[in-house]
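Input: a single structure, listed below in structure tokens.
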Amino acid sequence: DSRINRIFEGTNEINRIVTAHSILDHVDEYAQERTLKGGYSEQLNSQWQLLQELRVFTGKFAKDMDEVYSNVHEEQELLARLADFTTLTYALESSLLRVEKVLKNGNNKNIDHNVRLVKVFAEEAAVKFLAHALSIPYEDGDMKDQLAELITRVKETRIHPIDEKRQIANTVTSRES
């Protein structure tokens with residue numbers, strides 16, 4: 001079991017490095033604002049805006065890394081953070097897209113439950129993103145300013161995750177009854 005675990009961990013680390021290198025190579029495309037055919041639902045507009053701000057921060061972070069470090073591809077700790085940012089934004093975007101699809105179809109009786117789930121996930125992903133971002137010593141004052149703006153934005157969009165999780169639990173337990 002320990003050998004298999006080491007193999008999985010090694011594969012995970014390789015994937016993180018590949019992800020970070022890919023973002024460095026395509027940083028301008030990554031940070032571009034994306035649109036959804038038919039637009040975003042009003043229920044999730046705040047989460048979509050937050051996602052875009054996380055993507056922009058990730059793009060600026062990648063550009064800053066590239067400018068500050070002569071051999072950015074050797075900075076494993078920073079590459080790991082870049083991979084963390086990318087993974088969180090990808091997971092959030094995927095979740096939002098799935099719930100948007102449910103909202104557009106309108107035939108799911110669990111719409112409120114799905115919206116609640118994605119809002120909680122967005123909140124938790126943003127907090128985790130900020131935890132990673134705060135662990136980095138920034139050389140550039142613009143990055144510090146952008147991080148401060150991002151913190152403010154996350155505070156403004158805060159939901160009450162404990163209440164929301166209780167509602168989610170109530171929904172799940174009522175279905176099981």
Side-chain angles (χ1 to χ4, degrees), residues 9-10 12-36 39-100 115-165:
E9 284 298 318
N12 183 38
E13 288 303 311
I14 290 168
N15 284 333
R16 292 177 77 201
I17 299 302
V18 168
T19 299
H21 285 275
S22 177
I23 294 301
L24 286 171
D25 293 341
H26 304 284
V27 67
D28 290 330
E29 295 167 31
Y30 183 80
Q32 285 179 353
E33 185 166 356
R34 297 178 183 198
T35 57
L36 183 64
Y40 303 126
S41 66
E42 194 166 318
Q43 290 172 289
L44 298 175
N45 192 44
S46 181
Q47 285 71 32
W48 281 108
Q49 289 175 358
L50 178 61
L51 171 64
Q52 182 57 32
E53 290 175 33
L54 296 176
R55 290 177 70 89
V56 167
F57 182 88
T58 301
K60 285 190 176 185
F61 175 69
K63 284 182 180 181
D64 189 50
M65 278 178 53
D66 207 22
E67 291 171 8
V68 172
Y69 297 96
S70 59
N71 195 359
V72 69
H73 296 283
E74 298 298 321
E75 297 293 331
Q76 289 186 5
E77 294 84 9
L78 295 175
L79 291 172
R81 289 294 150 251
L82 182 57
D84 292 337
F85 294 159
T86 305
T87 302
L88 286 167
T89 56
Y90 175 78
L92 179 54
E93 183 174 28
S94 295
S95 300
L96 286 166
L97 287 169
R98 286 175 186 257
V99 174
E100 286 288 356
V115 168
R116 186 170 280 119
L117 281 168
V118 80
K119 284 183 176 184
V120 169
F121 180 71
E123 168 91 11
E124 291 178 346
V127 169
K128 189 180 261 190
F129 188 102
L130 289 176
H132 289 305
L134 288 167
S135 71
I136 300 166
Y138 297 99
E139 305 285 330
D140 182 5
D142 286 343
M143 286 302 298
K144 291 177 186 176
D145 292 343
Q146 181 147 10
L147 180 56
E149 289 174 21
L150 191 55
I151 290 169
T152 301
R153 175 73 173 119
V154 170
K155 285 180 182 178
E156 290 171 353
T157 61
R158 296 266 345 220
I159 59 170
H160 300 287
I162 293 172
D163 293 340
E164 294 296 324
K165 287 179 180 180

Where T86 and Y30 come nearest, the two heavy atoms and their spacing: CA-OH, 3.7 Å
May I have the step-by-step check of salt bridge (charged side-chain N to carboxylate O under 4.0 Å, His left out) for R81 and D84, ending in yes or no? CA-CA 5 Å; R81 289 294 150 251; D84 292 337; 2.2 Å; yes
Does the side chain of L134 come within less than 4.5 Å of I151's, by heavy atoms? yes
About how many Å separate CG of L92 and OG1 of T87, when rounded to the nearest 0.5 Å? 12.5 Å
Can you establish whether the number of heavy atoms outside I162 located under 6.0 Å from its atom CD1 is more than 12? no
Which distance, rounded to the nearest 0.5 Å, do you find between the CG of L51 and the CZ of F129? 9.5 Å
If you look only at pairs with a residue in residues 115-130, which of them pass as a side-chain hydrogen bond (donor to acceptor under 3.5 Å, both in side chains), with sequence neighbours excluded? R116-E164, E123-R158, E124-K165
Quick check for you: to the nearest 0.5 Å, what is the distance between L150 atom CG and M143 atom CE? 9.5 Å
To the nearest 0.5 Å, how far apart are CZ in R98 and CD in E93? 12.0 Å
Measuring only between side-chain heavy atoms, which start at C-beta, is R16 closer than 4.5 Å to L79? no
Using the rule given for side chain to side chain contact (heavy atoms under 4.5 Å, CB included), can you reason through L88 versus H132, listing the C-alpha separation, both sets of side-chain angles and the distance that settles it, and then say yes or no? CA-CA 11 Å; L88 286 167; H132 289 305; 4.0 Å; yes
Starting from the C-alpha separation in whole Å, work towards a yes-or-no answer on side chain to side chain contact (heavy atoms under 4.5 Å, CB included) for I136 and F61. CA-CA 10 Å; I136 300 166; F61 175 69; 3.7 Å; yes
Does some side-chain heavy atom of S41 sit less than 4.5 Å from a side-chain heavy atom of L44? yes
Can you name the nearest heavy-atom pair linking Y138 to A133, along with the distance? OH-O, 2.7 Å
Heavy-atom distance under 4.5 Å between the side chains of V72 and E67, does that happen here? no
Once rounded to the nearest 0.5 Å, what's the spacing between atom CG of L130 and atom CG of L147? 6.5 Å
Residues A20 and A83: closest non-hydrogen pair is CB-N, 4.3 Å
Does D142 form a side chain to side chain contact (heavy atoms under 4.5 Å, CB included) with D64? I'd like the steps, not just the answer. CA-CA 9 Å; D142 286 343; D64 189 50; over 6 Å; no
Taking it one step at a time, do V56 and Q146 satisfy side chain to side chain contact (heavy atoms under 4.5 Å, CB included)? CA-CA 9 Å; V56 167; Q146 181 147 10; 3.4 Å; yes
Taking all non-hydrogen atoms of both residues, which atom of G59 and which atom of V27 are closest, and how far apart? O-CG2, 3.2 Å
Under a plain distance cut-off of 3.5 Å, with no hydrogens placed, do E100 and W48 share a side-chain donor-acceptor pair? yes
For Q49, does the CD atom have more than 12 heavy-atom neighbours from other residues, nucleotides or ligands under 6.0 Å away? yes
Quick check: closest heavy atoms across I23 and A62, and the distance to 0.1 Å? CG2-CB, 4.3 Å
As an exercise, state the distance from CD of E53 to OG1 of T58, rounded to the nearest 0.5 Å. 11.5 Å
Using modelled atom types only, decide if a donor and an acceptor are shared between the side chain of T157 and the backbone of R153 within a distance under 3.5 Å. yes
